[in-house]
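Single-structure report; data block below.
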2 protein chains.
Amino acid sequence: MLAIERKKLILDYLKKRHYATVSELADSFHVHEATIRRDLSAMQKEGVLFRTHGGVTINEDDEIHSEPSFNEREIAEYNEKQQIGLAAAEMIQDGDHILLDSGTTTLHIAKSILDKKDLTVVTNDINIASTLRNQKDIKVIVTGGILFPESYMLNGKFTDDVLQSLNLHKAFVGTPAIHFQRGITHFDDQLVSAKQNMIAAAREIIAVADHTKFGRVSLHKVADVHQIDCIITDRHIDPEELQRWQDINMDLHLA
Amino acid sequence: MLAIERKKLILDYLKKRHYATVSELADSFHVHEATIRRDLSAMQKEGVLFRTHGGVTINEDDEIHSEPSFNEREIAEYNEKQQIGLAAAEMIQDGDHILLDSGTTTLHIAKSILDKKDLTVVTNDINIASTLRNQKDIKVIVTGGILFPESYMLNGKFTDDVLQSLNLHKAFVGTPAIHFQRGITHFDDQLVSAKQNMIAAAREIIAVADHTKFGRVSLHKVADVHQIDCIITDRHIDPEELQRWQDINMDLHLA
DNA sequence: GCTTTTTTCTTTCAATAGCCAACATATGCA
DNA sequence: TGCATATGTTGGCTATTGAAAGAAAAAAGC
């Protein structure tokens with residue numbers, strides 16, 4: 001069995017069961033525990049999952065997540081995400097029709113646009129919808145769909161249908177992996193379709209990702225680099241990485 | 001079992017019941033009490049729970065969602081609505097596909113079904129969706145649509161489209177006006193369509209309304225009496241009113 | 001109120017299970 | 001063959017757990 005195949009199966013398993021021990025995985029694939037550990041370490045580096053003593057759990061850090069402060073990284077990147085939110089808000093004009101993808105970074109965008117006027121916000125995140133619900137001058141449209149386990153994100157056919165019927169000025173899309181050649185990728189194939197529809201629905205695509213997401217490549221392709229009009233990230237991005245994006249003339253904002 | 005898995009389950013447990021003892025947790029996970037104590041100490045350090053002598057309680061002020069400022073509607077008839085919620089929960093079997101209309105009474109139904117198994121819940125209320133989002137055994141489908149100002153309700157074309165494509169076992173529909181001859185009526189014409197679609201989508205229609213809603217008639221017709229299979233209300237309903245419904249053989253439950 | 005008893009908590013230590021790094025072996029490809 | 005990559009093996013190190021003993025807190029008895 002190929003390593004990549006094994007990794008895919010590990011992910012599939014984790015999607016269903018959420019946790020797995022190293023020995024359990026080693027047994028079921030008939031490989032040595034060291035091999036599994038190497039797989040898990042590599043996958044952790046990609047940001048796909050989270051290793052713990054004895055096993056592994058899925059990293060629902062932000063694409064699928066919201067459980068407050070279960071790991072320290074969430075707190076660590078809190079300020080960065082907040083800054084990204086403020087920078088994104090500056091790009092939004094009164095009267096805009098925008099789309100906010102589900103996630104913690106985009107939630108910060110929502111919190112930063114409460115004083116805008118005559119805004120229409122489409123979102124697949126019920127937490128974002130909730131945050132905006134008291135704003136008289138903001139019309140909120142929720143995409144509908146299946147609520148992802150343990151998260152605030154909606155996904156599935158209903159989500160896709162609604163996204164396909166909309167035309168928006170700007171879409172703010174989050175991603176767990178962004179690479180200057182490979183573009184936006186995602187570890188979960190189930191979420192690819194919604195993100196692609198978001199990108200198709202808006203005139204201007206703004207990717208939002210804190211610095212830890214850069215240089216990562218995951219299994220499933222979401223969008224090419226040229227489909228992205230602009231990226232917002234935080235100031236802790238690696239200078240070499242920054243240079244690579246500047247070399248290809250990407251409009252990259254540091255919050 | 002992995003340590004992190006155990007910690008997650010402790011949290012899940014505390015979300016349902018607010019308190020747990022160390023020995024109780026040690027028993028249920030088949031680990032030594034010292035292990036549980038170590039888990040709890042670590043989790044307290046993270047700020048997710050609060051240790052007490054002999055046990056632990058949850059620290060749930062960090063839920064992004066909690067709306068402390070209950071509006072008047074929410075407080076009105078709180079206990080009655082809670083009772084109605086419990087009565088409705090008794091009518092729901094494991095494995096059911098149900099629909100919960102937006103509203104405070106139906107929110108109480110949601111709170112009363114957290115330990116059901118293998119449930120599918122369709123709702124047009126993002127607060128209800130949020131309440132159910134942590135339940136592993138409940139699949140939540142949100143209808144999508146425009147978020148009604150100052151509320152948690154979704155409405156409009158997207159809502160209607162989704163409702164029309166679903167087939168459910170039971171629909172729990174709230175109403176501000178119910179009359180033994182005129183049936184269900186509503187003061188806001190914008191909401192009529194969604195309610196009618198709900199009624200069309202389910203095999204069994206259960207109207208939920210506290211006693212103050214009885215005898216009222218509003219401008220817009222939603223449904224005839226014969227379209228309702230069952231009504232759940234509270235014990236403060238006027239005896240004469242009760243008699244009228246019994247005379248027409250309505251299956252009326254007093255919570 | 002005070003003391004005694006019981007329960008729970010903390011600390012410590014030993015045993016086990018899991019981890020990492022280095023090296024060895026195997027596989028595949030040019 | 002030689003190189004690169006993937007996997008297995010080994011030994012030393014670390015983390016987690018359960019058990020035990022003393023400290024602290026709560027409950028019971030007077």
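Please read these numbers as outputs of a predicted model, since none were measured by experiment. FYI, side chains are in, hydrogens and waters are out, and symmetry mates aren't considered; it's all heavy atoms of this structure.
If you measure from atom NE2 of A:His53 to atom P of C:dC19, you get 6 Å, rounded to the nearest angstrom. Atoms CD1 (B:Ile36) and P (C:dC9) sit 11 Å apart, rounded to a whole Å. Taking atom CD on B:Glu33 and atom C1' on C:dT10, their separation rounds to 13 Å, with Å as the unit. Here C:dG18 presents its P atom at 15 Å from CE of B:Met1, a figure rounded to the nearest Å.
Among the heavy atoms of the strands, none lies under 4.0 Å from A:Thr21. Across all strands shown, A:His32 has heavy atoms under 4.0 Å from base atoms, whether or not it also approaches the sugar-phosphate.
Under a 4.0 Å N-O distance rule, the pair B:Glu5/B:Lys8 does not qualify as a salt bridge.
Direction of the helix axis in the helix from C:dG1-D:dC30 to C:dA30-D:dT1 shifts by 30° between the two five-pair termini, rounded to 10°.
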If you restrict it to nitrogen or oxygen atoms, what contacts under 3.5 Å exist between nucleotides 20-22 of chain C and the protein, and what is each distance?
residue	atom	partner	partner atom	Å
C:dC20	OP2	A:Arg51	NH1	3.2
C:dC20	OP2	A:Arg51	NH2	3.3

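Put simply, the side chain of A:Arg244 does not reach to within 4.5 Å of the side chain of A:Met250, judged on heavy atoms. For the pair B:Asp96/B:Lys116, no side-chain contact is recorded, criterion being any heavy-atom separation below 4.5 Å from C-beta on.
Remark: the A:Asp125 side chain and the A:Thr123 side chain contain no N/O donor-acceptor pair separated by less than 3.5 Å.
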task = Evaluate side chain to side chain contact (heavy atoms under 4.5 Å, CB included) for A:Glu90 paired with A:His253, printing each intermediate quantity in order.
result = CA-CA 11 Å; A:Glu90 282 176 25; A:His253 292 234; over 6 Å; no
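A side-chain donor-acceptor contact under 3.5 Å links A:Thr185 to the backbone of A:Ser218.
Note: A:Trp245 and A:Phe214 have perpendicular aromatic rings, judged against thresholds of 30 and 60 degrees for the angle between ring planes.
Remark: A:Tyr19 OH to A:Ile58 CD1 distance equals 10.5 Å, nearest 0.5 Å. Within the model, atoms CE of A:Met43 and CZ of A:Arg6 stand 10.0 Å from one another, a figure rounded to the nearest 0.5 Å. How far NE2 of B:His236 is from CG of B:Leu254: 11.0 Å, rounded to the nearest 0.5 Å. To the nearest 0.5 Å, atoms CD1 (B:Ile113) and CD1 (B:Ile98) are separated by 4.0 Å.
The footprint of chain B on DNA chain D, defined by a heavy-atom cutoff below 4.0 Å, extends from D:dT17 to D:dA26.
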